[in-house]
Amino acid sequence: MGHYVRKKKERQRSISETLSEAEDEHYLDCPDADLITRCAAGLLDGILIFLAVTAIDRMSKAMGVILSGNSAWSQLEATIRVGSLACKIMAFYLIDILATCRWGGSFGKVLLGLRVIDRQTGSNLSFSQAMTRELVGKILLGALSGGIGWALASFRTDRLTLQDLVGGSVVKKVRQKV
C-alpha cells in the first residue's frame, strides 16, 4: 500500500514581500526610457556633482587659509590637492552605486522618474551589478569606446547602452507625464 506523504507547507509571505514582487513586475511592464531623458538625467547629475565638488573644494581652500601658518600643512598641501580629485571621483561613483542599489538610480534619474532595474527580475540591482554597470560599463568601456556605448542605444530597439548590456540592467520610465 502507498504511504501518505504530507504536503510541505509553503512559508506564508509577508505583505511587504508580496508588494515588492508586484512592484518588480510593474517595473518590467513600464516603457524603456528614451535616450533624451537619460541624457537629461546625466546632465542633472553633472550639475549636482559640480555643486558638491565646488563646495568641497571651497572648504579645502578655506582650511588651507586657516592652516597656512603651519609648516606641516604647506608640505602636505600639494599631496592633498592631488588626492582630492581622485577622492571626489571615487566618492561620486560610490554614491551613484549605492543610490542605484537603494533607490534604483542616481539622483538625476530618480528626479526625472527613471529607474535602473535588473533586466530579468525587475528588482533593484545588486551591489555587484551596480558596480559592474558603473565602473566597467561607464568608465572603462565608455571612456575607451569614446561614446559608442551611448550611440549604440540610439540604434537598438530596446535602447540599451553599453553599461546596461554589461550590468544586466535596463532603464525604465516609471513616472508618466502628467
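Just so you know, these numbers come straight off a predicted model, no measurement behind them. For the single chain, residues carry numbers from 1 onward in sequence order.
Rounding to the nearest 0.5 angstrom, the gap separating the CG atom in L44 from the OG1 atom in T37 is 12.0 Å. Rounded to the nearest 0.5 Å, atoms CD1 (I97) and CZ (F127) are 5.5 Å apart. The CZ atom of F92 sits 7.0 Å away from the OG atom of S106 when rounded to the nearest 0.5 Å. The distance from atom CG of L125 to atom CD of E134, rounded to the nearest 0.5 Å, is 9.0 Å. With values rounded to the nearest 0.5 angstrom, L48 atom CG is found 8.0 Å from F107 atom CZ.
Y93 and M131 fall within the same hydrophobic cluster, defined by Ile, Leu, Val, Met, Phe, Trp and Tyr side-chain heavy atoms under 4.5 Å apart, directly or through other members. The hydrophobic clustering, which links ILVMFWY residues whose side-chain heavy atoms are closer than 4.5 Å, places L28 and L165 together. Taken together through direct or relayed side-chain contacts under 4.5 Å among Ile, Leu, Val, Met, Phe, Trp and Tyr, L135 and L94 form part of one hydrophobic cluster.
Within the 4.5 Å cutoff, side-chain heavy atoms of I117 are placed close to those of V170. Counting only heavy atoms from C-beta outward, the side chains of Y27 and V174 approach each other to under 4.5 Å. Taking 4.5 Å as the limit, every side-chain heavy atom of D24 sits out of range of all side-chain heavy atoms of T121. The shortest distance between side-chain heavy atoms of W103 and L98 does not fall below 4.5 Å.
Sorted by first and then second residue, the salt bridge (Lys or Arg N to Asp or Glu O under 4.0 Å) pairs with a member in residues 25-54 read D32-K172, R38-D164; sequence neighbours excluded. Pairs of residues two or more places apart, or lying in two chains, never qualify as salt bridge (Lys or Arg N to Asp or Glu O under 4.0 Å) while including a residue from residues 103-126.
Atom CG of L51 is surrounded by more than 12 heavy atoms from other residues, nucleotides or ligands within 6.0 Å. Taking a 6.0 Å sphere around CZ of R102, one finds it holds 12 or fewer heavy atoms contributed by other residues, nucleotides or ligands.
Considering every non-hydrogen atom in both V116 and S169, the closest pair reads CG1-CB, 3.9 Å. The two residues A41 and L114 come nearest to each other via the heavy atoms CB-CD1, 4.2 Å.
At distances below 3.5 Å, not a single donor-acceptor pair connects side-chain atoms of Q163 with backbone N or O atoms of R133. Side-chain N or O atoms of S20 include none that pairs as donor or acceptor with a backbone N or O of S16 at under 3.5 Å. The closest donor-acceptor contact from the side chain of E21 to the backbone of T18 lies at 3.5 Å or more, if one exists at all. Checking side-chain atoms of T100 against main-chain N and O of D96 turns up a donor-acceptor pair under 3.5 Å.
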